[in-house]
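The structure appears right after this line, and notes come after that.
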Amino acid sequence: MSAMPEKPALEGLETKWDAHWEQEGTYRFDRTGQSRDTIYSIDTPPPTASGSLHVGHVFSYSHTDVIARFQRMRGRTVFYPMGWDDNGLPTERRVQNYYGVRVDPSLPYDADYTPPFDGDAPAKAQQQPVSRQNFIELCERLTEEDERKFEELWRTLGLSVDWSQTYRTISSHARATSQRAFLRNLERGEAYQSDAPTLWDVTFRSAVAQAELEDREQPGTFHTLLFTSGDGDLRIDTTRPELLPACVAVVAHPDDERYQHLFGSTVRTPVFDVEVPFLAHHLAQPDKGTGVAMVCTFGDMTDVIWWRELDLPARPVIGFDGRFLPDAPAAITSPEGTALYAELAGKTVFSAKEALVAALAAAERTVGEPRRITHPVKFYEKGDKPLEIVTTRQWYVRNGGRDAELRERLLELGRGIEWHPDHMRVRYENWVQGLAGDWLISRQRFFGVPIPVWYRVGEDGETRFDDVLLPNPSQLPVDPSTDVPDGFEASQRGAAGGFVGEVDIMDTWATSSLTPQLAGGWGGVDDELWDLVAPFDLRPQGQDIIRTWLFSTALRALFEGGKAPWRHTAISGWILDPDRKKMSKSKGNVVTPLGMLEEHGADGVRYWALSSRLGVDATLDPQNPKMIKIGRRLAMKVLNAARFVYQMEGEPGEIANPIDIDMLAELGQVIDQATAALERYDHARALELTETFFWTFCDDYLEVVKQRAYQGDEIGRASAIGALRSAIDVLLRLLAPVLPFATEEVWSWTHEGSIHVAPWPTRSDLPTSAGTTGLLPAVSEALIGIRRAKSDAKASQRTPVTHAVLAAPSTQLGLLEQAARDLADVGRIERLELVAGDALEVRSIELAPEGDAQAQR
RNA sequence: GGGCCCGUAGCUCAGUCGGUCAGAGCACCUCGUUUACACCGAGGGGGUCAGCGGUUCGAGCCCGCUCGGGCCCA
């Protein structure tokens, strides 16, 4: 116990109690003697280490913490680890720019490597090539600093994380786990490689998955091209005339009256003069342009569908760099066509379009002027050039996109999870039902978890991609670009009869989808732990990553264990600025969370976050953070009210006074309702109930019994003090998950041990089992009447009253008589008369003459 | 084009099972410097529950349509 201060304050509580909790191991996860049922496990989102934490993080992580604290107080051993996502593009870029290096996977590891710069790399520095392993080590070094800052912020916010349970997505452990899971997917046929048209970012020169796409409205131009058909010129509108050399067919809708006679015939492309079939397909839109579309390999995903379903040849023209390939497709045979293609070779899409439009115009194979339009174009979410589609060999993981049975199992899994709020399940279901293909997990980047395979090289020197060489599990993690498969020598790398390593890495989600496994010691790392924590109780996360993180985690769990990775998922909303815009760095409306915590205090900030229900967006005006101020006021009130109660002298005794009993009975209801709300993950409701009662407790009950607690007879005092202390002890515990600092401070004045491991209150903690009678509400109402009478008379609330008449309906009259003495005391009423009436009201009030009022002071 | 969420006081939001639900806080106005609290307290005014129609004895709540806002997918 610590001494009760004369004037309690919120300042400094964060530092004081964080250090104390760390020292005492208050939030330490101790598995001794635990079973799965006694543990509450949380699959915490690992924030991106190289990013910065913003108020949205503070918001949603507070939602998680309140549940962790509630479960801990209910007696569960809480497994609440924290991860850092330091694997991925943001980290890759930051490390490149910080140290002035870039990965070259062909380089050997250098154990004594020193980077050319250390945070002072000039903007346009020539980046020094380093091996992947060296790059990973630099990443680990740099992100350690970020992670320390993050941890500090989380500690200031009061997250009850066990800081000895942290993991990093680029660590050796994470790479090994990620590779192990991939190899198991491969073994079971859930992962496979395939040569297929792939969405491709030409800037990053990497394949992109469906989950990473976004549509952006872009200006475009419609050109009308003239093909040659059996009945002469055939008009075809296109926004991508430059793909004409890649044209493999033209299509119209099977019901389109205009083209019935042409289905099954062939047409010739303008200028390149290639013969292509005129086919029917239901995806052709009759109302778009002339209703005929040219099919090119590949302009968009519809081309891919046509190509696949109509069994068309591939005539690719765009290379990995986004430029036209050097050689024309073999179908172009005319001298004019060949010559024209030679002009396009090596050009960017943009330049090729200009050149081809000019050539078409010169040949008079266009009609009218180009029409400017705006249309949605697919982009990589981190990219700034439209995606192209190129055919490449990639690795995929099955996800139900091409398998109805698997899709149904995923939907079933989703139905087995309790979603908070429930309607978020629909977003998951929409995503699963909308999947267009399997999950492309290979990335042509350098930093990340390598795909752990090698390929045999034939005696002819050709790589046999179908002859995959796997590491043995004890080797993990491996980097195939430097490690050597069993049975080979390093010298055989790339040699005939030898091997080559896969250079691609995995999509970051291929690692992030394993956060339960990473945190829980899956895969032989710590089997005992895994059995204790999996499946996890809770996955908290943002609504924006249901289609990525939540979905991919569910998928991996389905493959590994056949069931959902968690029992509950709690989805937090966005933070919006006062204009209802989502806060983001690019809009410049981001508030730094640490500054906010320092200015207003953690309890106030938490109150703001916890006033919002799950799944609901919250607004925050950084200039005027009303809710934070209200939370701060509540925390301050807690300090003052508790101090007032605890400093009353006298021993608590039997709860004998009717109003004391009724106050506790009301509190009993609050306990039940708040507990039920938290059990259904409705922290906002629990807070609202508790807070409302707390203010009534302070403003009305406390005022009413104050006099008796100080100067009443022994029985009256003992009853008041007993009721006050019981109530405060309960209220503090109800508020502890929301206001961990203020409540711990107060608790420490009169209790040993932390409030955060004290038992969650129940009705049986109360020194009375009586039901509510309506006395406390009646007293509140009477009190408001008395106060209003004084207010109307423009008198101070302290003004003595010589005589007051209070009318009440018979039901309340009997109750009020039980509290008449206390009411008279708080109103300073010399003679309080209770009479029957229709409504509870003050009939008359006689204030003492001014002189007497002065005398009171 | 399809799906989901939202629309309640000037603002931010609650409203559980259809029946004391027209609510809270903030803001505003008035009063008060009280031995827990001026980082304060007390009191007060303020709403056509987006609109229209339906179900019902009864609708903020259930159903349909319309309007407006947001998000996701195509």
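A note on names: the letters A, B, ... follow the listed sequences, proteins ahead of strands, and every chain is numbered from 1. For the numbers below, each heavy atom of this structure counts, side chains included, while hydrogens, waters and symmetry mates do not.
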Test salt bridge (charged side-chain N to carboxylate O under 4.0 Å, His left out) applied to [X] - qualifying residues, sequence neighbours left out:
X	value
A/K16	A/E745
A/E744	none
A/E217	none

Output every pair passing salt bridge (Lys or Arg N to Asp or Glu O under 4.0 Å) with a member in residues 630-639 of chain A, not counting sequence neighbours, ordered by first then second residue.
A/E11-A/R632

Can you pull out every salt bridge (Lys or Arg N to Asp or Glu O under 4.0 Å) where at least one residue sits in residues 674-683 of chain A? Sequence neighbours excluded, please.
A/R74-A/E679, A/R680-A/D682

Side-chain donor/acceptor pairs under 3.5 Å, residues 839-848 of chain A, sequence neighbours excluded:
residue: A/E841; atom: OE2; partner: A/R843; partner atom: NE; Å: 3.4

Sorted by chain and number, sequence neighbours left out, side chain to side chain contact (heavy atoms under 4.5 Å, CB included) with A/P777 holds for A/D662, A/E666

Show me the protein contacts with nucleotides 39-43 of chain B, counting only N or O atoms at under 3.5 Å.
residue: B/C39; atom: O2; partner: A/R632; partner atom: NE; Å: 3.2
residue: B/C39; atom: N3; partner: A/R632; partner atom: NH2; Å: 3.3
residue: B/G41; atom: OP2; partner: A/R633; partner atom: NH1; Å: 3.3
residue: B/A42; atom: OP1; partner: A/D699; partner atom: OD1; Å: 3.4
residue: B/A42; atom: OP1; partner: A/D699; partner atom: OD2; Å: 2.8
residue: B/A42; atom: O2'; partner: A/Q797; partner atom: NE2; Å: 3.2

Which residue pairs pass the ring-ring contact (aromatic ring centres under 6.0 Å, His included) test with at least one member in residues 722-743 of chain A, sequence neighbours excluded?
A/W21-A/F741

Tell me whether the NZ or CZ atom of A/R539 lies within the 45° cone about the ring axis of A/W549 and under 6.0 Å from its centre.
yes

Contacts of A/T690 that satisfy side chain to side chain donor-acceptor pair (under 3.5 Å) - sequence neighbours left out
none

Write out a two-atom table: protein N or O, nucleotide N or O from nucleotides 5-7 of chain B, distance below 3.5 Å.
none

Identify the stems formed by RNA chain B, where each pair is Watson-Crick or G-U wobble with both distances under 3.5 angstrom and a stem is at least 3 consecutive pairs.
B:1-7 with B:67-73, B:10-13 with B:23-26, B:28-32 with B:40-44, B:50-54 with B:62-66

